[in-house]
Structures are given as C-alpha cells and as structure tokens.
Amino acid sequence: MTQDEFGFNAHRRGTAVFALSFHHPATLDAAIIRAGWAIWSMAPRDGDATAGDLLVGSFLASEARVALIDARGPSDAGLRAAQALGAVIAATGAAMLVAVPDAQPDTLEAFIAAGATHVLAPDADDAMLHAALKLAERHARRTLDVRRRRSHADGEVGEVHRWIADAMDRGESCLAIIVALSRLDLINAAHGRPAGTMLLRAVEARIQAAAAEAFGDSAIVARSGGAEFVMACVVDPSRARAVAETLEAVLAQPFLAGAVPIRLGARLGLATSQASEDPAGLLARAGEALRQAQAGDGVMLRFAHPGDVTPLDVLAADLHHAIERGEIDIVFQPQVAIKTGRITGVEALARWRHPTLGPLGADPLFAAAERADLGLALSDHIQQIALQRAARWPAGLSHLRLSINITAADVARAGFARLFLDRVASSGFPIERLTAEITETGLIRELDRAAAVLDTLRQAGVRIAIDDFGTGYSSLAYLTSLPIDYIKLDRALVTEVDASRRDRVVVRGIIRIAAQLGMGIIAEGVETHEQAELLGRLGCETYQGFLRAAPLDEDALRTMVEEEMECAA
C-alpha cells in the first residue's frame with residue numbers, strides 16, 4: 001500500500017471499496033484485503049474524516065462502487081460521514097455498507113435515512129464482511145446496469161438519434177428536451193471539481209429517475225457532453241408543457257455537495273416532432289430553443305415552434321385571449337446591494353404562459369401587443385397585477401422596493417400620470433417604495449413630454465429609473481433633461497465589463513457622471529462574482545442578475561429573503 005498526503009491508503013490493484021473506519025482502521029483494511037477486495041481507505045485525522053467536501057472528493061477520486069463506513073465506537077462520527085456521503089452515493093448509483101455501532105431500531109433507521117444501502121452487525125466476522133461486500137457490489141452493479149438500460153447508451157447521443165428514429169417510424173410523437181446547466185464553473189471554483197463532477201452525476205441521475213417514473217421504457221436520457229443533457233420521450237404534444245415544467249421543477253430542487261446544499265441554474269430547450277421531420281431536425285430545433293432560453297432575460301424554459309418560426313400575427317391573435325384567460329403573469333427579479341449582499345428591491349417582469357409555446361418573456365409579449373394594438377391594455381394589466389401582488393406581500397418583504405416598467409406609449413398617453421398614481425393608490429402599495437422604469441430608446445421622440453410626466457410621478461413620491469442605459473444614441477441628453485433617480489446599466493455593457501477594457505472605461509464614465517448628478521446605478525445582467533466586485537469598485541451600488549437569482553415567483557422570493565434574514569440574525 002501507499003499513503004498519499006491526505007492520509008488515504010490506496011491498494012492500487014483496481015480499487016473497488018472505499019473504506020472509512022472510526023474503530024480500528026488497520027484491522028478493517030486487513031479484513032477487506034483478506035477477503036480479496038482492492039481498497040481505498042481513509043483514516044480519521046484531526047476531525048477531517050467527516051468533512052463533507054473532503055469525503056465526497058475522496059470517494060469520487062477512488063472510483064469505487066462500494067463505500068464501507070465502520071461506524072462502530074462511541075461517537076456519532078460514522079453517522080455524520082454517512083450523511084455527508086449519502087447524496088453522492090445516490091447520485092452515482094453506488095452502494096453504502098455501514099458497520100453499525102449497535103442494532104437498535106433508532107440506530108438502523110438513522111443510517112438508512114442517511115443513505116445506507118446495506119448494514120453490517122457490530123460483531124460481524126470476516127466471512128460476514130465478505131458476504132456483505134459482495135451484496136453491496138452486486139447492488140451497485142445492478143443499479144448501474146439499470147441506468148445504462150434506461151439511457152440505452154449511457155451518454156451516447158447517437159443512440160438518442162436512433163431511438164427517436166425508431167419511435168417516429170412507429171408513428172409516435174416525440175418530445176426532445178435539452179438541458180444545460182448554468183455556470184458550473186462557479187460551482188467548481190466554490191466547491192472544487194470533485195463536487196462539480198458529483199453534481200453532474202446527480203443531475204443525470206435525477207433526470208433519469210424522472211423519465212423512468214413518468215415514461216418507463218418510453219424515454220431515453222443521455223449526457224451530450226460538458227454540462228448538457230438530452231432527454232427524449234414518447235408523449236402526446238398536449239402534455240409537452242407539463243412534462244417540461246415537471247422536469248424544470250425536479251432540477252430546481254437543491255443538490256448536495258457533501259453536506260452543503262447547492263442550487264443549480266438550468267435552462268431547457270424543447271421541441272415536439274413534426275410530420276416528415278428527422279431526429280436531427282427535432283434535436284436541432286430543441287437546441288435552438290435552448291439557445292433562446294440562454295439568451296433570454298430569465299426565461300428558463302423555451303419551446304420551439306414548428307419550423308422554428310413563430311408568426312407574430314399568430315401571437316397577436318393569441319394575445320387577445322391571453323389576458324382574460326389569466327396567462328399573463330408576473331415574476332420578480334431581486335436587486336442586490338453590492339456592499340452588503342442584501343436584497344433591497346425587485347423588478348416586476350411580465351411572463352406570458354403561452355398554452356403551446358410555453359413561457360414567453362417581455363420581448364415577444366410586447367411585440368405581439370404592438371401588432372395587435374394591445375400595448376396600452378397590456379401595460380395597464382401588468383402594472384395592476386404587479387402592484388396588487390406587491391401590496392399583499394408579508395411583513396418579511398415590507399422593506400423591498402418595487403420597480404415596474406412603463407412604456408413610451410404610456411408616457412405619450414393623455415392623463416397617464418394621474419391614471420398611474422390612481423392605480424398605485426387603489427392598490428395600497430406604499431408609493432415611497434415604488435420605482436418606475438422606462439426604457440431609454442422609447443423617450444427620444446417625446447423628451448419634453450416625458451420630462452413633464454416623469455416629474456409629476458416623482459413629485460408624488462415615485463422614484464424614476466432609466467432602463468437599458470448605454471444602448472441608445474441620445475443617452476446623455478436624458479441625464480440633463482429628465483428627473484432621474486437611478487440609471488440601469490444595460491446588460492450589454494455589464495457582460496464584458498471584467499473582460500473588455502473599453503466596456504470598463506464606458507461603465508466607469510457613466511458611473512462617475514451619475515454620481516456627480518446625484519443618481520444611483522443599478523447594473524443588469526450580472527452573472528459572476530468578478531463582475532459584481534468590479535462594478536462595486538467602480539462605484540455601482542446595486543445589481544440584478546443570475547448571480548443572485550433568476551426572476552422568481554412570490555413564494556420563492558419570500559423564501560430567499562427569509563433565509564437571508566435568518567443568516568444575518
């Protein structure tokens with residue numbers, strides 16, 4: 001045997017058992033080797049043996065299919081080690097054999113709940129150890145075989161093509177879903193590559209389990225490389241949206257890296273098969289839908305339209321019924337103070353839960369509204385919903401500012417300021433916590449009128465923000481002509497602020513001008529800690545973006561703020 005710098009002993013002839021002993025490690029190692037098993041063993045040292053990240057990383061490095069925890073002894077270190085390893089055992093399909101300290105029902109239940117697949121009596125001899133290891137190894141091998149059968153090729157996307165082709169030949173309708181994890185590099189940086197590897201396995205296992213539960217053999221799952229996965233299933237097109245939303249909900253649940261819960265961002269692209277379409281075409285449309293979801297402003301799931309074309313006239317016709325059917329909804333994206341990391345406000349964003357195309361963001365929604373001549377009706381509806389929802393927030397959210405969008409058409413409407421202020425008053429939302437955001441490109445033609453309308457709102461207590469600042473061609477004129485409290489840096493400037501010197505110079509200049517004029521800065525589209533830290537050094541006070549959260553429903557927002565307050569207490 002050799003001993004590495006962490007105190008792990010590796011028997012290098014085809015490692016099969018990852019052994020962790022809190023009783024007599026040398027005796028356990030010898031018994032495993034006498035039974036004919038190769039071993040990667042870990043001896044407790046200064047309490048490190050139960051550190052979640054260390055255990056997970058060591059288990060993954062061992063490539064073992066069986067973890068043996070010798071939990072005999074007076075301490076609860078063995079149980080804590082089992083709890084730390086439970087998630088990675090389940091994710092990889094491995095087995096966990098525990099030599100329990102006693103045979104009391106509560107003890108056995110605790111280890112089973114932690115993830116143990118097999119237990120060994122405290123007084124077990126070598127023969128029992130050998131038999132238990134064989135059973136655990138058989139369990140792991142069968143679990144792996146089942147997963148391979150479910151995926152048909154265990155990660156070979158070519159097999160997915162063949163599977164879809166066979167289903168299409170039988171005249172069945174197929175749904176293709178491509179899942180991409182967001183910013184796995186941040187997980188690797190924060191928790192180490194072993195944790196990232198474990199999470200990839202856990203994601204695949206979770207997708208496979210969801211597919212097997214819903215469709216049995218009528219589904220296939222494979223990893224398509226990197227942090228992407230592909231799933232195909234035979235399903236009626238009318239159920240496609242429900243399937244996708246179920247999978248999205250499954251992936252939204254936290255994963256564990258050791259004992260640390262981690263929430264992964266995931267984007268999904270979907271397509272249902274069309275007549276005379278081949279598997280490559282189906283997967284290509286699902287891939288294009290995924291790219292649209294990745295490029296969007298918070299839409300996590302995107303459906304591909306047949307032929308990848310969604311005629312605006314069709315959407316415009318659908319929109320006539322969307323409001324009355326309650327398909328237009330609101331989500332809230334947190335705005336975070338860079339210095340403290342605390343959520344200080346939210347922006348209300350419109351979402352169209354289209355019955356066949358899935359969730360659509362603001363761009364197609366307002367484009368359809370313009371085509372249907374429903375822009376003002378839609379804007380009224382969205383503002384009313386946002387204000388009414390926020391007015392009902394519980395006390396835990398009572399400190400948050402609410403930002404809602406107003407359009408160029410709103411500003412141009414006669415009597416808009418009074419109409420808007422009456423809407424705020426009737427909702428009951430405190431006007432001193434309200435910000436109205438208007439996109440800068442919509443102000444160019446009506447600058448004087450916009451100044452008068454915004455000044456009326458501001459005098460009544462509403463704060464004013466210019467959205468998407470930095471992309472229009474008359475930006476500087478707004479700073480001197482309009483009553484502005486905040487400038488929202490466009491995501492196009494923020495995306496490259498830590499990589500492009502030119503973008504950094506522009507952002508620094510905007511922030512300095514805003515500071516001289518007494519205006520605050522909010523950066524949109526922040527996705528990395530590096531971007532947030534750099535923006536903070538440049539003088540930006542607040543950001544919103546996927547670094548903290550995608551747009552959330554009210555329950556998720558409340559949970560996030562409550563967790564933040566508990567951590568600060």
**Request:** Kindly determine whether E524 and D468 satisfy side-chain contact (heavy atoms from CB on, under 4.5 Å), including the steps that lead there.
**Result:** CA-CA 8 Å; E524 294 186 284; D468 299 336; 3.4 Å; yes

**Prompt:** Given the rule in the side-chain contact (heavy atoms from CB on, under 4.5 Å) test, do I220 and I164 qualify, once you have shown the distances and angles that lead to the verdict?
**Reply:** CA-CA 9 Å; I220 180 172; I164 294 174; 5.5 Å; no

**Asked** Do Q333 and Q544 pass the side chain to side chain donor-acceptor pair (under 3.5 Å) test, and can you show the C-alpha distance, the side-chain angles, and the key distance before you say yes or no?
**Response** CA-CA 7 Å; Q333 185 165 35; Q544 69 182 77; 3.2 Å; yes

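Side-chain atoms of R463 do not come within 3.5 Å of backbone N or O of S403 as any donor-acceptor pair. Between the side chain of D455 and the backbone N or O of A452, no donor-acceptor pair lies under 3.5 Å. Side-chain N or O atoms of E541 include one that pairs as donor or acceptor with a backbone N or O of I521 at under 3.5 Å. At least one donor-acceptor pair closer than 3.5 Å links the side chain of S398 to the backbone N or O of A395. In terms of modelled atom types and a separation under 3.5 Å, the side chain of R206 and the main chain of V250 share a donor-acceptor contact. For S379 (side chain) and G375 (main-chain N/O), no donor-acceptor pair under 3.5 Å exists by modelled atom type. With hydrogens and angles ignored, the 3.5 Å screen pairs a side-chain donor or acceptor of R401 with a backbone N or O of L434. Side-chain N or O atoms of E248 include none that pairs as donor or acceptor with a backbone N or O of A244 at under 3.5 Å. The closest donor-acceptor contact from the side chain of R508 to the backbone of L535 lies at 3.5 Å or more, if one exists at all. Judged by distance alone, with hydrogens and angles left aside, the side-chain atoms of R548 form a donor-acceptor pair with the main-chain N or O of G341 at under 3.5 Å.
The number of heavy atoms from other shown groups lying within 6.0 Å of CZ (R389) is above 12. Atom CD of E432 has more than 12 neighbouring heavy atoms from other residues, nucleotides or ligands inside a 6.0 Å radius.
Residues I343 and E564 share a closest heavy-atom pair of N-OE2, 3.0 Å. Scanning all heavy atoms of the two residues, the minimum distance from I178 to E228 falls at CG2-OE1, 4.0 Å. In plain terms, the two heavy atoms of L378 and A369 that are nearest each other are CD2-CB, 3.6 Å. Between A391 and S427, the shortest heavy-atom contact is CB-O, 3.2 Å.
Of the candidates V424, L349, L387, V346, L387 is the only one forming a side chain to side chain contact (heavy atoms under 4.5 Å, CB included) with I404. Tested against P334, the residues E347, M560, R342 include a single side chain to side chain contact (heavy atoms under 4.5 Å, CB included) partner, M560.
To the nearest 0.5 Å, the span separating CD1 on I522 from OG1 on T344 amounts to 7.5 Å. Atom OG in S426 sits 10.5 Å away from atom CG in L421 (nearest 0.5 Å). To the nearest 0.5 Å, atoms OG (S481) and CG (D448) are separated by 7.5 Å. Rounding to the nearest 0.5 angstrom, the gap separating the CG atom in L283 from the CG atom in L290 is 12.0 Å. Atom CZ of R267 is separated from atom CG of L181 by 12.0 Å, given to the nearest 0.5 angstrom. Between the CG atom of L397 and the CG atom of L402 there is a distance of 11.0 Å, given to the nearest 0.5 Å.
The pair R241-E245 counts as a salt bridge, with a side-chain nitrogen and a carboxylate oxygen less than 4.0 angstrom apart. Between R239 and D236 there is no salt bridge, since none of the side-chain N atoms of the basic residue sits less than 4.0 Å from a carboxylate O of the acidic one. A salt bridge between E327 and R353 is absent, with no side-chain N of the basic residue lying under 4.0 Å from a carboxylate O of the acidic one.
Here R458 pairs with D485 under the salt bridge (Lys or Arg N to Asp or Glu O under 4.0 Å) rule; sequence neighbours left out. Remark: D380 pairs with R413, R423 by the salt bridge (Lys or Arg N to Asp or Glu O under 4.0 Å) rule, at least two apart or across chains. For D373, there are no side chain to side chain contact (heavy atoms under 4.5 Å, CB included) partners, not counting sequence neighbours. With sequence neighbours left out, the ring-ring contact (aromatic ring centres under 6.0 Å, His included) criterion links Y543 to no other residue. E172 meets the salt bridge (Lys or Arg N to Asp or Glu O under 4.0 Å) test with R170; sequence neighbours excluded.
Residue pairs satisfying the ring pair (Phe, Tyr, Trp, His ring centres under 6.0 Å) criterion with at least one member in residues 390-428, sequence neighbours excluded, are listed as follows: F332-W393, F416-F420.
Defined by atom type and a distance below 3.5 Å, a donor-acceptor pair is missing between the side-chain atoms of T559 and E563.
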